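Report on one structure; see the data block that follows.
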Amino acid sequence: MNDIPTRYDPRKTEDKWYKLWEDENLFAAKPNSDKKPFCVVIPPPNVTGILHMGHALNNTIQDILIRYHRMLGDESLWMPGTDHAGIATQNVVEKAIAKEGLKRQDLGREKFIQRVWLWREQYGSTIIHQLKKLGASCDWQRLRFTMDEEYSKSVIDVFVKLYEKGLIYRGSYIINWCPRCQTALSDEEAPHHELQSNLYYLRYPLKDNPQEFIIVATTRPETMLGDTAVAVNPKDRRYKHLVGKILILPLVKREIRIIADPMVDMEFGTGAVKVTPAHDPNDYALGKKHGLEFVNVMHPDGKMNEFAGDYQDMDRFEAREVILEDLLEQKLLEKITPHTLSAGHCYRCHTIIEPYLSKQWFVKMKPLAKPAIEAVKKGKIKFHPDRWTKVYLNWMKNIQDWCISRQIWWGHRLPVYYCKNCQQSAISKQQSAKNELTAESRKLKAEEGVIVSKIKPAKCPYCGSNEIYQDEDVLDTWFSSWLWPFATFYWPFQQSAKNELTAESNKLKAELEYFYPTSVLVTAPEIIFFWVARMIMSGFEFMGKLPFKDVYIHGTVRDIEGKKMSKSLGNIIDPLEIINKYGTDALRFSLISITAEGQDVFLSKERFEQGRNFANKIWNASRFILMNLESPQDKADLCVFFKKENLSLVNRWILSRFYSTLKAINKDLDNFKFNEAANLLYGFFWHEFCDWYLELIKPEIKTKQNQLVMYKILEKFLRVAHPFMPFISEEIWHLIRNEQASSIMLQPWPHIQEEIIDKKAEIETELLFKIISEIRNLRIAIEVKPEQRVNVSLYPHTKAIASLLEQNSALLINLAKIEKLELLKKNLRPDATITSVAEDIDIYLHFSGLLDIAAEQQKIKDKISLLEKSLNGKNSRLSNKEFMKNAPEDIIVKEKESRDKLIAEIKRLEKMQNELC
RNA sequence: GGGCGCAUAGCUCAGUUGGUUAGAGCGCUACAUUCACAUUGUAGAGGCCAUGGGUUCAAGUCCUAUUGCGCCCACCA
């Protein structure tokens, strides 16, 4: 045993065991008719990702669930993978080639994409290795990537299906445009943040009378170059006489009209609003309604374009400054007032979004949302904690169409083709229709030679031309992620020419049918709209079924000041650094033990010491047991060797405590209360098993019974600890098994042995603990040295307790360091003793020398007054007629019992006090 | 503008359907190092459960208002 060091070193165990698990393929799952499936849906991390604490928390929770269910005997599948993360990955690779002085345009689309794949080959598995470091027991042979050939087929198939169903359309709308990434973004990808800005009041002169102005307020003066009207509320008396008049737009000198629309808020600004239909969603609506001109004054990169006149090629914010200066010079700037506004920001690069008029592809969401709302309303899908249900439903009810086209290169290219010939004839027909939308031109406009097809068609189906080219855009990354629960099973399956599934496809389909719907999705709140809601919608649309039954939303990992961890703030705690310093088990345990359901997690590096210390405690307790273990005990069965009634009190106690704890842990794990389960495990092992049990049995550790029980508890504890701390549990598991044992992860989860739960033994043992603690207190009071033994007399007030003490005197002698223990037959205080009380037992500690009587009396007095306070409460309750009438019977009984106990204890203390005099 | 969360020990937080004297970890104090473990043990100090009002026999827990902090959503020029 000397070869086991006193310090647990995770570095010597963790990689070793992970490799073994992987080599032996222990994480694999396949359909098994004897078992019930359990499947978690992992949020596939970005291929550009590096492990942060959010991942660590998220994946630890999932791994606990998976390992727990695997041990419960469920066929447990964790399908791992990565997400191609269109914009993020493209940005990373663009940065990389920028170091070579290259832009993606220099390389061209094909070569650039080759570079991305190359990059992915080199760096894309970083996050996978890191997940392995974390102990994630994913079925790695199933590793998927959203750009895999098979997966891409699903994505394209879905696009075509939705288009054919009329749920995908193309149109010109104001969308969120990131001038830096130069692509459209969905609403979810453009979160709003508050900005300290100004409200600028501009004077627009009337054409008829240039001395007269209408004053408009705007936060974005640079867009005035694209103004095509000024709007006022029709009820606004201030402006009634001006409606219909012509204004001269300053700087550009364009003639624009004053229009009236109820949308205008009379209270805001001056009550007159400049209308820029091509640069603002509200103005766009006004423009449509009033048939205004749409003047786009910006290039896609945020610089002003040819319609901006003198300001062409200036950046939008630079143009703002210059325009303001020019207006000021022309005395057309009335005033500037401070104003907070909230503006959309690109979720990838944080650039301020430009509302931009452009032609994009959209998914109609309302029809998709319907079943997804129903399922959650009916409780078929449950959110944990429940409050997210409301957030989800609220968003779903107000869902907007989803802009899915992105003007980047890395991603699934739209399965959309255009026929040049048809497009041209559409244009000419439109022109001939002179902007009047006839029925025919409207139809042509819809078609415009658009062909949506899984593969590139050889000829145009409308006109037979072969001049066909593919849309340049790619799909939103989330348009592939939302298919994850079933696209990872290679849905839709390959069919033969006769529309029959091939043998291979049948096998795959059987897998999907076995594992789908999956069990749990574990994710962070910010992903609800991006991914969770959309997966629910796609599940119903394409599988006809919900994708998962439970959604567990964990909190956000923050630093100790409550700030989100981010690179820019420099407050990141790197999980890998923690793993190197303290070990994976320590990281996992610490994280879990502070993650209350759905609450944010506040972290500091020191938190991980708790996990490390716990691992070390487990290590040393196991060492101790191994040192004292006579022979392997694993074959022995408790029930065969000992009947319950033949077990000693402490053994009955610890077994009972183990199963009581296990019962609570099971309940917590089933209810997503991981922190409570972890803390129960911690408290049981450290304080009950180590602090009390092992100390209690030390003197008689070699008895057959003690050998067996301590072994059994350790062995079962390790199994329960395994989902939380997979590595150390595996390591010790192999140390305590002499044979070539199989992995602990394949062991069954201990089942509750109800008959072993023994509340009476728990109460009795805890009474003994109380006596020991009281004696220890007395020893400290008279400053007895720790190693010195003392004489103690006990007076039990009942026969039952007398026999309990008699039978367990050895324990008291041992842990309270007693020389001579005497059980008094009479209720008389022996001479030269100080006293204490533990429920029905009077405790006397003999001493030689002088006693500080005053101090003793004070101590007793304090105790009495504490007890009296609580007694008063009880008396007033019990004398309250309303309480007696309304409180349930068991509460009243309990109250009475504890009142009687208090009275007895106080009496005894008072007697002692008198005897002291 | 709408919605959500949080406020309990010096710090970070637990606290199930209301029911004995409100818990843990860290930190702090005292003592202990031939002892499986000082990454330890024993003992201890430390709480008007944010504030006001209400419901109830009984409130940290339920309702309501207020204050402070944090977050989410929204077409507030």
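The structure displayed is predicted, hence computed values, not measured ones. Worth knowing before you read on, the calculation uses all heavy atoms, side chains too, and leaves out hydrogens, waters and symmetry mates. In the text below, chain A, chain B and the rest are named by the order of the sequence lines, each starting its count at 1.
Closest to the Leu902(A) side chain, of the nucleotides A77(B), A74(B), U21(B), is U21(B).
For the pair Gln788(A) CD and U42(B) P, the interatomic distance rounds to 21 Å; values are reported in whole Å. Whole-Å rounding puts the Leu341(A) CG to G1(B) P distance at 16 Å. Between Leu680(A) atom CG and G23(B) atom P the separation is 16 Å, expressed in whole Å. Gln400(A) has its CD atom 12 Å from the C1' atom of C73(B), to the nearest Å. Between the CZ atom of Arg320(A) and the P atom of A77(B) there is a distance of 12 Å, given to the nearest Å. Between Phe589(A) atom CZ and U39(B) atom P the separation is 19 Å, expressed in whole Å. With rounding to whole Å, Phe383(A) atom CZ is found 15 Å from G5(B) atom P. Atom-to-atom, CD of Glu897(A) to P of U21(B) comes out at 15 Å; the value is rounded to the nearest Å.
Proximity of Lys390(A) to the phosphate of G3(B): no side-chain N or O atom is located under 4.0 Å from OP1 or OP2. Between A74(B) and Asn398(A), no contact under 4.0 Å exists linking OP1 or OP2 to a side-chain N or O.
When the C1' atom is used for both G3(B) and A59(B), the distance is 27 Å, rounded to whole Å. Of the C1' atoms belonging to A30(B) and G46(B), the separation is 15 Å, rounded to the nearest Å. For the P atoms, the distance from C69(B) to C76(B) is 25 Å, rounded to whole Å. Across the C1' atoms, G25(B) and C73(B) are found 36 Å apart, a figure rounded to whole Å. Between U66(B) and C4(B), the distance separating the two P atoms is 14 Å to the nearest Å. Comparing the P positions of G44(B) and C6(B) gives a spacing of 34 Å, expressed to the nearest Å. A distance of about 27 Å separates the C1' atoms of A9(B) and C71(B), rounded to the whole Å. The same atom, P, is picked in C48(B) and in U61(B); the two are 16 Å apart, to the nearest Å.
Taking the side-chain hydrogen bond (donor to acceptor under 3.5 Å, both in side chains) definition, one finds that Lys12(A) meets it with nothing, sequence neighbours left out.
Pairing for G52(B) goes to U64(B), judged as Watson-Crick or G-U wobble with the two contacts each under 3.5 Å.
Look at Glu695(A) and Lys698(A) and you find a salt bridge, because one of the NZ, NE, NH1 or NH2 atoms lies within 4.0 Å of a carboxylate O, short of that distance. Under a 4.0 Å N-O distance rule, the pair Arg316(A)/Glu222(A) does not qualify as a salt bridge. Classification of Arg534(A) and Glu188(A) as a salt-bridged pair holds, one side-chain N sitting under 4.0 Å from a carboxylate O.
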Arg623(A) and Asn620(A): CA distance, side-chain angles, deciding distance, side chain to side chain donor-acceptor pair (under 3.5 Å) verdict: CA-CA 5 Å; Arg623(A) 254 183 88 229; Asn620(A) 277 297; 3.0 Å; yes
Steps toward side chain to side chain donor-acceptor pair (under 3.5 Å) verdict (Asp261(A), Asn233(A)): CA-CA 5 Å; Asp261(A) 195 285; Asn233(A) 194 297; over 6 Å; no
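Tyr173(A) and Asp401(A) form no side-chain donor-acceptor contact under 3.5 Å, judged by distance and modelled atom types alone.
A donor and an acceptor atom sit less than 3.5 Å apart, one in the side chain of Arg612(A) and one in the base of U39(B).
Checked against a 6.0 Å centroid threshold, the rings of Tyr582(A) and Tyr8(A) do not count as neighbours. Ring centroid separation for the pair Tyr392(A) and Phe383(A) comes in under the 6.0 Å cut-off.
Of the possible polar contacts, none joining the Arg899(A) side chain to the Lys874(A) backbone as a donor-acceptor pair under 3.5 Å is found.
Looking at heavy-atom distances under 4.0 Å, Gln610(A) makes contact with sugar-phosphate atoms alone, never a base. Using a 4.0 Å heavy-atom distance criterion, His687(A) is classed as a sugar-phosphate-only contact. Within the nucleic acid shown, Arg7(A) comes within 4.0 Å of at least one base atom, counting heavy atoms only. Val264(A) comes within contact range of at least one nucleobase, with a heavy-atom separation under 4.0 Å. Within the 4.0 angstrom heavy-atom criterion, base atoms lie near Leu867(A). Across all strands, Ser773(A) comes closer than 4.0 Å only to sugar-phosphate atoms, never to a base (heavy-atom distances). Note on Phe529(A): only backbone sugar-phosphate atoms sit closer than 4.0 angstrom, heavy atoms only; bases stay farther off.
The two atoms that bring Thr270(A) and Arg238(A) nearest to each other are O-NH1, 3.4 Å, heavy atoms only.
Between Phe614(A) and Phe717(A), the ring planes lie perpendicular to each other; the angle is over 60°, past the 30° to 60° tilted range.
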Identify each atom pair where a protein N or O and an N or O of nucleotides 29-36 of chain B are less than 3.5 Å apart, giving names and distance.
{"residue": "A36(B)", "atom": "O2'", "partner": "Asn620(A)", "partner atom": "OD1", "Å": "3.1"}
{"residue": "A36(B)", "atom": "O2'", "partner": "Arg623(A)", "partner atom": "NH1", "Å": "2.4"}
{"residue": "A36(B)", "atom": "N7", "partner": "Lys698(A)", "partner atom": "NZ", "Å": "3.4"}
{"residue": "A36(B)", "atom": "N6", "partner": "Glu695(A)", "partner atom": "OE2", "Å": "3.2"}
{"residue": "A36(B)", "atom": "N3", "partner": "Asn620(A)", "partner atom": "O", "Å": "3.0"}
{"residue": "A36(B)", "atom": "N3", "partner": "Ala621(A)", "partner atom": "N", "Å": "3.4"}

Between the protein and nucleotides 14-20 of chain B, list every N/O to N/O distance that falls short of 3.5 Å.
{"residue": "U20(B)", "atom": "O3'", "partner": "Lys874(A)", "partner atom": "NZ", "Å": "3.1"}

